[in-house]
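I have placed the structure first, in the form of structure tokens, so that the comments after it can refer back to it.
Residue numbers begin at 1 in each chain, while the letters A, B, ... track the order of the sequences. Side-chain atoms are counted along with the backbone in the values below, which use heavy atoms only and exclude waters and symmetry mates.
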Amino acid sequence: MQSSTEATIYALLEDLNEPQRQAATHTDGPLLILAGPGSGKTRVVTRRAAYLACTTTKPWHILAITFTNKAAREMRERVDALGGTGGMTVCTFHALCARLLREFHELAGISRNFTIFDRDDRRKLIKKAVEEADLSQANWPPAAIDAEISHAKNAMLSPEAYAATANDWRQQTISRIYPVYERLLAEMEALDFDDLLMRVAVLLKTDEQMRATLEDRYRYVLIDEYQDTNVSQYQIARHLSREHQNICATGDPDQSIYGWRGADIGNILNFERDYPSTKVVRLEQNYRSTRRVLSAADALIAQNENRKEKTLWTQNEAGTPVRVIESENDMAEAAMIAEDIGRLSREGVSLNDIAIFYRVNSLSRVLEEAMLKSVIPYQIARGVEFYARKEIKDVLAYLRLLVNPADEIALLRIINMPPRGIGAKTIERLVEQAKTSGQSVFDVLSQAGDVSDLGRSAAKVKAFAELVRHLGTAVNQPASKALEFVISHSGLRAHYRAIEGTDDAPINNIDELINAAAEFEMQEPGTTLVDWLEHTALVSDVDAVKDTSGVVTLMTLHAAKGLEFAHVYVIGLERGLLPFYRNGDEGDDEEERRLLFVGITRARKRLTLSRARYRMRRGVTERTAASDFLDELPRNELEWHRLEAPRARRGVTTHAGGLPNDFDRWDVGTLVRHPRYDLGRILSIDRGAQRTIVDVEFTDGLHRTWALEFAQLTRVDPDEIDDVDGFQAD
DNA sequence: AATATTCCCGTTTTT
DNA sequence: CGGGAATATT
């Protein structure tokens, strides 16, 4: 037995380098792992978890907090693969807090079945709060208030505390809305994302018994991406490890990219001050990227003033130069990438190894079109978007209402969905009645018979109340069963069947939702409807990324954190876009630089940075300027490609970015390019009545013959050969 | 009351 | 450009 444990431990540590081993074998006391990109952090953390579980503690005493659900899932799998560590808690801060708040709901003074409000819900609630505070809807846009309140909550400011700090008129007005918003949340037994964290932080501070219980439960706490923790998360971490001090934080200050949502880079910088006996381990050897990629990343991040020096190094080969490609416009940029990916694919590169990153989601559209056009399979990391679809939100609203009748947002969403003749006037009366009688709308609904002046609508309202009661019988079923029941009995299925949708029909998405629920139940047996609803509320965009199928992955730079791909494209390196500026006032340039740093360091083999000279933004095409970040990269490691605009002097019609297919001008000697055989020269061209036959000699010395209109040939401008070197836009 | 149409606005990143 | 709200139409 003893020797088998020793063998296990040996296996856990044998392929680690010295600092990695030090981190993995550190058991008690605070540990800070400063891990550069690609330094094997995940490996170290999983080994350490397994090591702890077979040496000093039991798996169920280990709490590992990750940044996304996907990361949690992967970590659990990897630790399991190292030898049966079932019982470990691995989840995100938000999931942990939601779970704790259900467990300690009485202490928190909230229903066990509380609802988690997403952005849309919150904005609806804010509109209501603005109304109740007697303010003009027009002057107080929900989005801005939402951001301000979220900001306050991230700083753990209660409405009172916020009011005390409000100095200008705008903040003073918001300090009138904030308490109303809080009251409405409470009335609806709902919490927003920030509440999940804040409430737990407050409970841990005020309730010593709960804190002690949890500290004993979670004897070893691991927190990943510590550079992106905010005030609440920081405090939760502190409270959970106050006595045992067994806290292990991992992260990289240079990858702190969530300052805008309250993350405080100071948390990681001051870790040693907070935990005086901290052992610090630096992981600086990079196993992921080529030397050129790493040197580009290093040169860029060195421009940040506010940072701790760090030496990133690698033994990997130099690799190919980092490419910087300037296209004429966004469509040409996307086409260039699509074509480049096509070429890689033909060379045998798996599409799984390719990713395209961008600063804002709106840039994905042009890429998507280019991928479709080139028949390149792709996936976009947007797990949240699926749950934001109207039909999905409708279905979920039914379930939410069944679980939590106080959820007025859900109720109002479905009261007339599918249409059942309950119009705006009737709804207004119901809401009014609820307000004057101090009841929830749901309560009013249940007594529809007693509500005066509903007129002809009374019967319909009654029927709806009866429907809800009927649907309620499914509340204790597993999520997929409850879903089926609700969809078929609410009339939603019939409603969506009736709508003919050739483009991704709502009913297909609803079926997909049922599948997702069934899958969830398989993976987490014994879970309830509430668990599943919570799961749907806390999905992140990256959670939707699958790594099994042969597809190119498109995502924002933020979503890319923690991932790696052999071939990486970062697009839109333009001033104002990356770094992003909003409305004249510039943002945090250093954080933007870190964001690009994150993007660059995702690349294993080849990195391509791209910009377009013209880009369409919200409907209008604008001239762009190159990102200043490009000037910060080491010139001699780069390979610039300037794709020329079609030249007007040739007098041919221009189309996005490349040379036109002016076949009639092609002649012997014309330089062409083929997707597979690359550069070639026309040897002969035979213009028949039906077809034009070309014979082309390629750089491999061989020549090939095609009917011109079917050959995948594009003309190459001889002037561009030097510049273009292997690329052209189409 | 339901559906069709127009118009107006905001413009990141996300749990 | 695209979503949501206000407005027009049946």
Quick check for you: among C:dC1, B:dA1, B:dT13, whose closest atom lies nearest to any side-chain atom of A:T556? B:dT13
Find every protein N or O atom lying less than 3.5 Å from an N or O atom of nucleotides 3-5 of chain C, and list the pairs.
from, atom 1, to, atom 2, distance (Å)
C:dA5, OP1, A:K127, NZ, 3.0

Does A:T92 place a side-chain N or O at less than 4.0 Å from the phosphate oxygens OP1/OP2 of B:dT15? no
Could you check how far CD of A:E428 sits from P of B:dA1, rounded to whole Å? 11 Å
Tell me whether the OP1 or OP2 atom of B:dA2 has a side-chain N or O from A:N416 closer than 4.0 Å. yes
Would you check if there is a donor-acceptor pair between the side chains of A:D531 and A:T528 at a distance under 3.5 Å? yes
Mind checking salt bridge (Lys or Arg N to Asp or Glu O under 4.0 Å) for A:R493 and listing every partner two or more places apart, or none if nothing turns up? A:E484, A:D511
Closest to side chain of A:T426, choosing from B:dA1, B:dT14, B:dT12: B:dA1
Would you please indicate yes or no on a ring centroid separation below 6.0 angstrom for A:Y258 and A:F67? yes
For A:D194, report the nucleic acid contact type (base, sugar-phosphate, nothing); a contact means any heavy atom under 4.0 Å. nothing
For A:M417 and B:dA1, give me the distance from atom CE to atom C1', rounded to whole Å. 15 Å
Residues passing the side-chain contact (heavy atoms from CB on, under 4.5 Å) test with A:V231, sequence neighbours excluded, are A:M156, A:Q235
Closer than 4.0 Å, any side-chain N/O of A:N230 to the OP1 or OP2 of B:dT15? no
Salt bridge present between A:R359 and A:E592 (N-O < 4.0 angstrom): yes
Looking only at side-chain N and O atoms, does A:N361 come under 4.0 Å of OP1 or OP2 in B:dT12? no
Between protein and nucleotides 6-10 of chain C, what N or O pairs are separated by less than 3.5 Å?
none

Among B:dA1, B:dT13, B:dT15, the nucleotide that comes nearest once only the side chain of A:K425 is considered: B:dA1
Residue of the set A:R613, A:R611, A:R615 for which salt bridge (charged side-chain N to carboxylate O under 4.0 Å, His left out) holds with A:E333: A:R615
If you check the A:R122 side chain, which of B:dT13, B:dA1, B:dT15 turns out closest? B:dT15
Starting at CG of A:N154 and ending at P of B:dT15, how long is that distance when rounded to a whole Å? 14 Å
Face-to-face stacking of A:F93 with B:dT15, centres under 5.5 angstrom, angle under 30°: no
Return the value, rounded to whole Å, for the distance between atom CD of A:E574 and atom P of B:dT12. 16 Å
Check the distance between B:dT15's C1' and A:I223's CD1 and give it to me in whole angstrom. 16 Å
When you check the gap from the basic side-chain N to the acidic O, do A:E182 and A:K153 get nearer than 4.0 Å? yes
Whole angstrom value for the distance that separates P of B:dT14 from CG of A:L196: 18 Å
Side-chain donor-acceptor pair present, A:Y181, A:D192, cut-off under 3.5 Å: yes
Check ion pair A:D407-A:R400 (N to O, under 4.0 angstrom): yes
Does A:N404 offer a backbone N or O that forms a donor-acceptor pair with the side chain of A:N113 under 3.5 Å? no
Any side-chain to backbone donor/acceptor pair from A:Q379 onto A:K546? Under 3.5 Å, distance only. yes
Tell me what A:R420 touches on the nucleic acid: a base, only sugar-phosphate, or nothing, going by heavy atoms under 4.0 Å. sugar-phosphate
Starting at atom CD of A:E225, determine the distance to atom P of B:dT13, rounded to an integer number of angstrom. 19 Å
Categorize A:V539 for me: base, sugar-phosphate, or nothing, with a 4.0 angstrom heavy-atom threshold over every strand shown. sugar-phosphate
Result for 5'-nearest mapping on DNA chain B, choosing between A:I422 and A:V542, is A:I422
Does A:D118 reach a base, just sugar-phosphate, or nothing at all? Heavy atoms under 4.0 Å. nothing
Would you mind reporting whether A:R170 and A:W140 have side-chain heavy atoms less than 4.5 Å apart? yes
Partner set under salt bridge (Lys or Arg N to Asp or Glu O under 4.0 Å) for A:D252, not counting sequence neighbours: A:K310
Please write out the pairs of protein N or O atoms and N or O atoms of nucleotides 7-9 of chain B separated by less than 3.5 Å, giving the distance to one decimal.
none

Considering heavy-atom distances to DNA chain B, does A:G423 or A:P141 have its closest nucleotide positioned more toward the 5' end? A:G423
What is the distance, to the nearest angstrom, from the NZ atom on A:K561 to the P atom on B:dT14? 12 Å
